[in-house]
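Reading through the structure tokens given below for one structure.
Letters A, B, ... are given to chains in the order of the sequence lines, protein chains preceding strands, and every chain is numbered from 1.
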Number of protein chains: 2
Amino acid sequence: MSPNPRQLELLEQVRERGSVSVEALAERFGVTLQTVRRDVKLLADAGLLARFHGGARVPSSTTENIAYRQRQSLNEAAKQRIARAVARAVPEACSMIINIGTTTEAIARELLQHKGLRVITNNLNVAAILSDNADCEVIVAGGVVRSRDRGIIGEATVDFIRQFKVDIGLIGISGIEADGSLRDFDYREVKVAQTIIEHSREVWLAADHSKFNRPAMVELAHLNQVDVLFTDAPPPDPFPTLLAEAGVSCNVAV
Amino acid sequence: MSPNPRQLELLEQVRERGSVSVEALAERFGVTLQTVRRDVKLLADAGLLARFHGGARVPSSTTENIAYRQRQSLNEAAKQRIARAVARAVPEACSMIINIGTTTEAIARELLQHKGLRVITNNLNVAAILSDNADCEVIVAGGVVRSRDRGIIGEATVDFIRQFKVDIGLIGISGIEADGSLRDFDYREVKVAQTIIEHSREVWLAADHSKFNRPAMVELAHLNQVDVLFTDAPPPDPFPTLLAEAGVSCNVAV
DNA sequence: ACATCTTCGAACAGAAACGAACTTTTGGCG
DNA sequence: CGCCAAAAGTTCGTTTCTGTTCGAAGATGT
């Protein structure tokens with residue numbers, strides 16, 4: 001089978017929103033319900049999506065996973081903008097480590113056209129996305145898979161990442177506090193992120209505006225370990241000062 | 001093949017716009033539809049673009065992936081039966097290593113209801129499937145991701161797997177020859193499979209009937225390293241004798 | 001459990017796209 | 001100028017896609 005653009009976009013729609021009704025899809029593409037059903041059946045048979053009475057959704061869907069997908073569609077536009085800005089800044093043929101997070105997944109999608117990348121990641125979704133880029137060597141870190149977001153964490157993951165040293169370490173986080181500390185919720189994920197920072201020549205942080213002043217439990221790092229911050233809106237006080245003191249260049253995506 | 005200027009520009013057009021209709025291309029170049037089709041066919045055969053009914057688009061390996069998915073639907077019923085048989089045989093709360101293959105993915109789906117499993121895999125798809133089982137610890141092996149089937153292969157993968165010793169090693173293969181040798185196509189995958197065999201207390205082989213007498217390049221192992229064979233039809237001669245000699249118990253799924 | 005409203009899927013028909021075979025044009029080259 | 005080969009155009013039977021219709025299957029509310 002060779003899927004046509006409509007079918008590919010259908011897939012994208014479903015992946016973006018988690019689930020879409022047949023009717024909405026028919027409307028979107030200006031075709032009849034029956035045609036959408038045919039497309040959906042085709043893609044479902046290929047295992048690329050799952051169907052339910054009235055529509056289609058992403059194939060994997062525990063409750064947790066859906067929650068994650070929904071979080072993914074939160075601030076979707078902001079994430080997209082950040083992702084594009086990051087992708088523009090990434091040179092061709094460089095090596096990177098990319099960690100867990102909905103923003104980093106958006107970035108991975110934007111990197112599909114880059115040539116000669118070598119990407120190490122502890123995020124199954126990032127690995128799956130980038131494995132579609134024939135001109136990108138994807139290395140996935142070993143370790144325990146967390147079902148919530150398909151992140152790979154744990155001691156083994158840390159050991160695995162230690163083997164490398166890359167040009168760019170790209171991390172997403174849960175929160176930045178007013179003292180300049182970067183924080184996350186899961187202790188084991190923090191360990192991985194710290195290792196990524198240590199093994200990157202340059203550290204890029206991707207965080208949309210909702211992350212500023214958002215509290216999280218575990219301290220991961222401090223702003224002065226970061227080289228570039230990518231975000232979607234000018235940071236609120238006191239962050240401009242903090243960023244300047246820490247020598248972080250701030251890239252606000254428009 | 002030596003593409004003419006029009007064909008080169010056609011390629012460029014497709015890459016720029018993602019996908020273009022045959023008609024638009026014909027218009028663009030002032031030639032007939034048939035000529036465009038000839039060009040498109042040529043470029044598609046060379047793998048430089050993918051075609052769909054009505055036009056052409058970039059050969060995103062989502063497409064290759066779909067080809068893989070379709071292979072998955074080949075002998076689907078047989079694989080499903082094998083998968084169910086394997087799942088019935090897997091005790092609760094055991095540890096396993098599962099390798100690459102469409103059959104092993106079907107098995108992963110059947111294991112979604114098992115409790116207390118600990119699964120190590122070098123297959124991103126298996127990892128993704130089983131991560132939906134909240135009561136299953138999934139460990140993914142680190143290494144290079146092969147875009148064709150999202151298998152993880154290479155030296156790092158071998159090293160990673162060496163850390164473990166599990167109850168059951170579950171492998172799928174490309175072919176079993178009449179001398180009892182198990183074979184596959186990719187050298188690096190074979191290395192991984194060998195390591196899995198070494199680090200499993202018991203080796204289970206899943207192979208549908210199409211695998212018997214199917215030639216493949218690289219020798220992976222021999223039947224006498226296998227403890228149980230799961231298949232969907234009684235093996236043809238001379239395999240019954242071979243299996244008996246090798247002490248392999250054969251489980252034919254009905 | 002029943003009635004009702006949706007959604008689904010099979011079957012058919014018209015339209016569009018395809019591919020094979022054949023013809024025409026184009027551009028050397030003796 | 002005439003010949004030849006390669007590229008492009010033409011024609012036509014075949015395949016693929018899409019919309020339509022209608023009975024079956026699935027959801028929903030009482």
Partner set under side-chain hydrogen bond (donor to acceptor under 3.5 Å, both in side chains) for A:S21, not counting sequence neighbours:
none
With a 4.0 Å cut-off on heavy atoms, is A:F52 in touch with a base, just the backbone sugar-phosphate, or nothing at all?
sugar-phosphate
Which of C:dG19, C:dC8, D:dT10 is nearest the side chain of B:T32? It is D:dT10
Regarding the side chain of A:T35, the nearest nucleotide among C:dC18, D:dA8, D:dT18 is D:dT18
Nearest-Å distance, [atom1] ([X]) to [atom2] ([N])?
{"X": "B:R51", "N": "D:dT15", "atom1": "CZ", "atom2": "P", "answer": "16 Å"}
{"X": "A:L42", "N": "D:dC17", "atom1": "CG", "atom2": "C1'", "answer": "12 Å"}
{"X": "B:K41", "N": "C:dA21", "atom1": "NZ", "atom2": "P", "answer": "13 Å"}
{"X": "A:D39", "N": "C:dG9", "atom1": "CG", "atom2": "C1'", "answer": "15 Å"}
{"X": "B:L25", "N": "D:dA8", "atom1": "CG", "atom2": "C1'", "answer": "16 Å"}
{"X": "B:Q7", "N": "D:dA7", "atom1": "CD", "atom2": "C1'", "answer": "10 Å"}
{"X": "B:E23", "N": "C:dA16", "atom1": "CD", "atom2": "P", "answer": "10 Å"}
{"X": "B:R6", "N": "D:dA8", "atom1": "CZ", "atom2": "C1'", "answer": "8 Å"}

Under 4.0 Å between a side-chain nitrogen and a carboxylate oxygen: does that hold for A:E92 and A:K115?
no
Do the charged groups of B:R146 and B:D186 touch, with an N to O distance under 4.0 Å?
yes
Considering the terminal five base pairs at each end of the helix from C:dA1-D:dT30 to C:dG30-D:dC1, what angle separates the two local helix axes, rounded to 10°?
30°
Side chains of B:T157 and B:N122: do they bring a donor and an acceptor to under 3.5 Å?
no
Verify whether one side chain among B:T102 and B:K79 offers a donor that lies under 3.5 Å from an acceptor in the other.
yes
Got a sec, which pairs hit salt bridge (charged side-chain N to carboxylate O under 4.0 Å, His left out) with one end in residues 29-42 of chain A, sequence neighbours left out?
A:R6-A:D39, A:K41-A:D45
Given C:dG19, is OP1 or OP2 found less than 4.0 Å from the side-chain N or O atoms of B:R37?
no
For B:Q113, the side-chain contact (heavy atoms from CB on, under 4.5 Å) test, sequence neighbours excluded, returns none
Could you run through nucleotides 21-30 of chain D and give me one letter per nucleotide, 5' to 3': B if any protein heavy atom sits under 4.0 Å from the base, S if only the sugar-phosphate is that close, - if neither?
-----S----
Under-3.5 Å donor-acceptor pair between B:R38 side chain and C:dG19 base
no
For B:F239, all residues meeting ring-ring contact (aromatic ring centres under 6.0 Å, His included), sequence neighbours excluded:
B:F212
Measuring from atom CG of B:L130 to atom CG of B:D135, what distance do you get when rounded to the nearest 0.5 angstrom?
12.0 Å
